[in-house]
J.: 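What follows is a single structure, and I will ask about it in a moment.
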Amino acid sequence: MLSAENLLELLQVLPDDKRKKLLLNSKLKKYSIDGYRTLKNVPIKVLSTYAAKSSLFCQIFLDLIIDEYNNLTTKDSQTFAVDEYPGILAYYFKYGMDIAPIKIRYEALTVPIKIEKESSQQEVEKVGNDMTMKKYLGYVLKQNYYYYNFYPVYVFDNKIEKITSPVVDFPQKGNINLFSQPHAQHKCADVFQENQVALIEFSQNDLLENRRGEQLNQTEKKLDVDELYNRNRIHFLRDIDLFPVVHLAAKLDFSGASNLVLEDNIQNSEDVLVEENSTLYGPYKLDSNHQIKVSKSQNGTIQCWHPRFNKSLDECFLTFESDVGKYVFRSQLQIFHKDVLSDEELLQGFARVLKDKKDIDSPEKVVNNYLCSVFSDVDSSIREERKEKILKFIEGKKAESQYSKEIASVVAGLFAEYGDNGELRSVLESALDDSEFSSRIQSLDIVRDKVKNEQGKLLELQKEIENAQKIIEDATQKKKSEGINNENQKRIEELTQQVEQYEKIADLKSEIYYLEKKKEDVAQQIKNYKGIEAKVENAITEKFQNAQSVNGVTDIAFDGMLAEKMLQAASTWRIENSNDNYKKLAEITTSDIWTNTDLNVADFLVNNVQLYRPTYTRNDILNISICIAQNFLTVFSGDPGTGKTSICNIFAHILGLTMPETSENKSIKKAKENYYINRYVAVSVERGWTSKRDFIGYYNPLSKQFEAANKQLCDGLRILNQEGRASKYPFVVLLDEANLSPMEYYWADFMNACDLDSVTKYLELGKDFELKIPQTLRFVATINNDHTTELLSPRLLDRAFIITLPNNIYTNFVEVDFRNVPSQAVTWSQFTNVFGRKKIDEFSDIIKEIYEKLCNALRLLNLRISPRSEKAIRMYWTTAQKLFEAASDGTDPSIVALDYAFAQKVLPQINGSGENYGNNLVKLENLFKMNHFSKCASIIEDICERGRNSMNYYQYF
């Protein structure tokens, strides 16, 4: 069977194009590796590890290589060329032959190539030291739903030049990867659009090696987007006089309204040209809504462009290999202005000029004033076109009735003003010749008659004004008389109100009489009660006087309901009053005071936790979040000083569980004076705790009240009880040094709550003292592993995830100072929507195969995965594999997630002794390494080392 090392050696010498071609062969179609779409996308190191497990795959793959290289055999061992080496190497591997002879020849053949490569490398290094800044014009593609790559096509240095060999300048694919750090202010998605043409300035020294682990990616170079943005290295296209050519969703509107741009690959604030009917308009600035506003100038024209040098528009556009749209340099275009003034606007301006006759003493000046006003500040060609258009309207050659009516009314006014002037008649003669137009004016005499008629109407209006004034005088006199009537009416209303008041007084007198009678009855009842009270006092006094012995006194003390009722009444009052107070507190803690609906919870947690714990990876922080969200109890294990308690405090602060001070809210300040309303309680466990009496408290039957062992915890539990299903924010209880006493003793009542599907969600604390446990309650515990502590029972391990913190040096930590990082209240729904339990995804074939192999290996150690644990593992994997990043060696997130789940849910159960047990652990370690379970393999390695030093006694803790 071909080993993984041999297969890796073969893959390393096999050219990429041939490897991808062979891996896509139909004979290998049934094989796949989880996390990769096709085999050709799998890194050769990963491919060699997985493929070596299948002898059938190896056999088919070797046959394909041998066929590809024309069936080389041993007779070719001393004659093969350097590029035929993969073919003869596959032949030797297939038949298990010694490859030493062909390897010697191959090394001899590659010596000149190595020398040539070293020389070439020196040239590359020389170029790499070039500090010259250049502007590269290219396009940005978003690939694999995540990666942004920049493809340089042109270099711009006062002039545009196409890059002749992009693959040589930017190996191996002629592109550069654009990346941004998780904490970066400017991410790729914020700066670039998909398929955007971009202008980026950089030198060869700015290019970083693009590696995944130790392996150099096919896109060998990368650029930091945040650094480019902050150093103003990402330029607008207009900086080099280049403009995107866009198209609109509707016809171009020149009124200043917004026009929606169809192209979605252009950055906001970029200047664009609009193409419509083979004409370019603009440039216009693209706003944040991907719209432009186009307004014509005051003279009714718009700026346009057409090609220079007798070219077509398509010949002016800049070309790219990818379909990224049209782009054009301004130098390729010639500017001109287009008349976009509508006929209606033109005639309205014409009418306004004709009506404005101030300081004009002749018709000639009227016409000259009109011509200068309408046709100023425009090209001569546009001026002539407008002049012809106006003349056609005047001559009636345009059949627009609404316009000709407007013109007719204005011209009629001119006739009335200058009717005796022959010069004006000659100017408008052509208009009067038109029958349709002249029919509207009728004639100059008719116009004069109209003026006379208007003067007659004016006289009639004057008479009407005089009549109206007389009517007003009569109305004034009438109003005075109406005023007197109004005063009488007002007096009547006042008298009516007085009558109503007298009636109310009569009703009140009747009510007073009734109440006085009732007062007499109540006084009689009080008198009767006082008589009864006197009798009771006499009876009690008689009892004491008759008591002649200790037994007599005892009988009195416990007689009847006297003492019992008083205690019971006091207890009931305290409980009811306390419940009311906690109910009011619950109204505060379920409010939206601190909620931020736009919060990206995963990035927020990772970025802020790494401020305190820089060595924690993104996967480490997400793992803690998932464990807390999905498990009622999460245990942090590790040596003293590894930061178990502090990481709990950090998470509590960042999640906003410490209820930040809110100066605006007086109710919260007042509540904090008497109650503990924070959502995080740290409980220091003491040695000797045996029950919940030590942890929470107990019900005192004598005082008939609950005696709290920890007031903060009791306040929190009673607030949660009032919140019930309305509980909005997480509530976390830290059990510090939890295994100083057996957890199964003092924490037993919470065991059933570990099963989130359990029906029982109540905590019994004594008589009439039952508390609801909402879903928002979570426990985190820190434990040490030495002779002073108790072991965790299998029952508890089956219900919790055990997170072992690394033994980091203190200098890797940042001192916890919560003043530097503000907290942000994260709601329970926000937290669980990202990290909580979801519908379980089915394992892929590869993951299923690995899972079954691990379960079989665990049986050799007498370990069984219970149904509860298996459900927890699958639930964890479903969430984690979607959030985790790939490991540094390229391991797929789905495998990384299962690695974390086994390390925290299964391996803590390891506890055995003997040489055979140790050997089985070594086998399990090798199985973990083979499947890239680096976390599990490291833990098993540590257990084995400790076990060999402890007389073959192996345990997780």
Side-chain angles (χ1 to χ4, degrees), residues 34-35 145-146 182 599-610 616-636 647-648 651 654-655 729-730 732 753-758 775-780 797-805 826-848 850-851 854 865-887 891-908 931-936:
D34 192 62
Y145 304 98
Y146 182 78
L599 187 67
N600 185 323
V601 178
D603 289 345
F604 171 76
L605 281 174
V606 172
N607 293 338
N608 284 286
V609 172
Q610 285 181 338
Y616 280 27
T617 66
R618 179 181 180 86
N619 288 352
D620 289 336
I621 297 168
L622 295 177
N623 168 62
I624 295 173
S625 304
I626 296 170
C627 289
I628 294 174
Q630 295 190 1
N631 299 279
F632 192 66
L633 172 65
T634 302
V635 178
F636 291 89
I647 192 62
C648 296
F651 260 84
I654 293 173
L655 288 172
Y729 299 96
V732 177
C754 285
D755 302 320
L756 294 184
D757 298 331
S758 173
Q775 292 287 335
T776 53
L777 177 61
R778 288 291 183 268
F779 283 86
V780 292
L797 292 176
D798 195 39
R799 289 169 164 79
F801 267 63
I802 312 296
I803 300 176
T804 299
L805 298 183
V826 178
T827 66
W828 180 249
S829 61
Q830 286 177 319
F831 191 58
T832 53
N833 285 343
V834 179
F835 305 115
R837 295 192 168 198
K838 300 175 177 64
K839 183 180 179 182
I840 296 177
D841 292 342
E842 292 293 330
F843 284 156
S844 63
D845 293 341
I846 296 295
I847 296 295
K848 186 177 181 181
I850 294 173
Y851 185 83
L854 292 175
I865 300 178
S866 69
R868 179 187 289 109
S869 293
E870 181 170 3
K871 182 178 179 181
I873 290 171
R874 289 177 176 269
M875 196 74 72
Y876 175 94
W877 179 84
T878 297
T879 302
Q881 57 114 5
K882 297 173 183 176
L883 296 175
F884 278 9
E885 295 179 334
T891 303
D892 189 76
S894 61
I895 295 177
V896 176
L898 196 60
D899 182 19
Y900 271 82
F902 265 78
Q904 297 168 163
K905 194 65 181 172
V906 179
L907 298 192
N931 291 285
H932 296 271
F933 279 51
S934 58
K935 196 172 188 67
C936 289

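What's counted below: heavy atoms across the whole structure, side chains too, no hydrogens, waters or symmetry copies.
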J.: Do Ile802 and Phe636 touch side chain to side chain, with heavy atoms closer than 4.5 Å?
T.: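 No; the side chains remain at least 4.5 Å from each other.
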J.: Consider side-chain hydrogen bond (donor to acceptor under 3.5 Å, both in side chains). Of Asn833, Thr827, Thr832, which one does Ser829 pass it with?
T.: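 When side-chain hydrogen bond (donor to acceptor under 3.5 Å, both in side chains) is applied between Ser829 and each of Asn833, Thr827, Thr832, only Thr827 qualifies.
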J.: Roughly how far, to the nearest 0.5 Å, is the CZ atom of Phe651 from the CD1 atom of Ile628?
T.: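 Answer rounded to 0.5 Å: 5.5 Å.
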J.: Any chance the side chains of Asn631 and Tyr876 put a donor and an acceptor closer than 3.5 Å?
T.: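 No donor-acceptor contact under 3.5 Å links the two side chains.
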J.: Taking the side chain as C-beta and beyond, is there a heavy-atom pair between Thr878 and Lys839 under 4.5 Å?
T.: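 Heavy-atom side-chain distance check fails, nothing below 4.5 Å.
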J.: May I ask you to test the Ser934-Thr891 pair for a side-chain heavy-atom distance under 4.5 Å?
T.: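 Not in contact.
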J.: Give a yes or no answer on whether the side chain of Asp798 reaches the backbone of Ser866 with a donor-acceptor pair at less than 3.5 Å.
T.: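 Checked: no pair found.
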J.: Taking C-beta and beyond as the side chain, do Ile865 and Phe902 meet within less than 4.5 Å on heavy atoms?
T.: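 Side-chain contact under 4.5 Å: yes.
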J.: I need the minimum non-hydrogen distance between Asn619 and Val896, along with the two atoms involved.
T.: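 Taking every non-hydrogen atom into account, ND2-CG1, 3.8 Å.
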J.: Taking all heavy atoms of Val635 and all of Ala800, pick out the closest pair and write down the distance.
T.: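 Of all heavy-atom pairs spanning Val635 and Ala800, the closest is CG2-CB, 4.2 Å.
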J.: Between Ser869 (side chain only) and Lys905 (backbone N and O only), is there a donor and an acceptor less than 3.5 Å apart?
T.: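 Checked: no pair found.
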J.: Determine whether Ile846 and Ile850 make a side-chain contact, defined as any pair of heavy atoms from C-beta on separated by less than 4.5 Å.
T.: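 When only atoms from C-beta onward are counted, Ile850 and Ile846 do touch, with a gap below 4.5 Å.
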J.: Would you mind reporting whether Tyr851 and Glu870 have side-chain heavy atoms less than 4.5 Å apart?
T.: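 The answer is yes; the side chains approach within 4.5 Å.
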J.: Under a 3.5 Å cutoff, is there a donor and acceptor pairing between the side chains of Gln881 and Asp892?
T.: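 Absent: no donor and acceptor within the cut-off.
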J.: Given side-chain contact (heavy atoms from CB on, under 4.5 Å), test Leu622 with Glu885 step by step and report yes or no.
T.: CA-CA 10 Å; Leu622 295 177; Glu885 295 179 334; over 6 Å; no
J.: To the closest 0.5 Å, what do you measure between CD1 (Ile626) and CG (Leu883)?
T.: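 Ile626 atom CD1 to Leu883 atom CG measures 5.0 Å (nearest 0.5 Å).
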J.: Rounded to the nearest 0.5 Å, how far apart are OH of Tyr900 and CD1 of Ile895?
T.: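 Between atom OH of Tyr900 and atom CD1 of Ile895 there are 14.5 Å.
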J.: Taking all atoms of both residues into account, what is the closest heavy-atom pair of Ile873 and Ala901, and its distance?
T.: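 Minimum heavy-atom separation between Ile873 and Ala901: CG2-CB, 4.0 Å.
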J.: Over all heavy atoms of both residues, which pair between Pro893 and Ala886 is shortest? Give the atoms and the distance, please.
T.: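 Minimum heavy-atom contact is CG-N, 3.7 Å.
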J.: Show, in sequence, the C-alpha distance, side-chain angles and deciding distance for Leu633 and Phe801, and conclude whether the side-chain contact (heavy atoms from CB on, under 4.5 Å) test is met.
T.: CA-CA 7 Å; Leu633 172 65; Phe801 267 63; over 6 Å; no
J.: How long is the span from the CG atom in Asp899 to the OG atom in Ser894, to the nearest 0.5 Å?
T.: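 One gets 11.5 Å once the value is rounded to the nearest 0.5 Å.
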J.: Could you measure the distance from the CH2 atom of Trp877 to the CD1 atom of Ile847? Nearest 0.5 Å is fine.
T.: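 Output value for this atom pair is 6.0 Å.
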J.: Would you give the length of the straight line joining atom CZ of Arg799 to atom CZ of Arg868, rounded to the nearest 0.5 angstrom?
T.: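 With rounding to 0.5 Å, CZ (Arg799) is 4.0 Å from CZ (Arg868).
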J.: Do you know which two heavy atoms are closest between Arg618 and Gln610, and how far apart they sit?
T.: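 Minimum heavy-atom separation between Arg618 and Gln610: N-NE2, 3.8 Å.
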J.: Cation-pi check, Arg874 to Phe843: give yes when NZ or CZ is under 6.0 Å from the six-membered ring centre and within 45° of the ring axis, no otherwise.
T.: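 Pair Arg874/Phe843 counts as cation-pi.
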J.: Checking Ile647 against Val609 for the side-chain contact (heavy atoms from CB on, under 4.5 Å) test, could you report, in this order, the C-alpha distance in whole Å, the side-chain angles of both residues, the deciding distance, and whether it holds?
T.: CA-CA 8 Å; Ile647 192 62; Val609 172; 4.2 Å; yes
J.: Just checking Lys848: does its NZ atom have more than 12 heavy atoms from other residues, nucleotides or ligands closer to it than 6.0 angstrom?
T.: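 Open.
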J.: I need the minimum non-hydrogen distance between Leu797 and Pro908, along with the two atoms involved.
T.: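 Smallest heavy-atom distance, with atoms named: CD1-O, 3.7 Å.
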J.: Apply side-chain contact (heavy atoms from CB on, under 4.5 Å) to residues Val606 and Tyr616 and explain how you reach the verdict.
T.: CA-CA 9 Å; Val606 172; Tyr616 280 27; over 6 Å; no
J.: Is any side-chain heavy atom of Tyr729 closer than 4.5 Å to a side-chain heavy atom of Leu655?
T.: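 They are not in side-chain contact.
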J.: Taking Gln630 for its side chain and Phe835 for its backbone only, find out whether a donor-acceptor pair lies under 3.5 Å.
T.: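 Judged by distance alone, yes, a pair lies under 3.5 Å.
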J.: Is the shortest side-chain heavy-atom distance between Leu907 and Cys936 below 4.5 Å?
T.: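 Result yes, sub-4.5 Å side-chain heavy-atom pair found.
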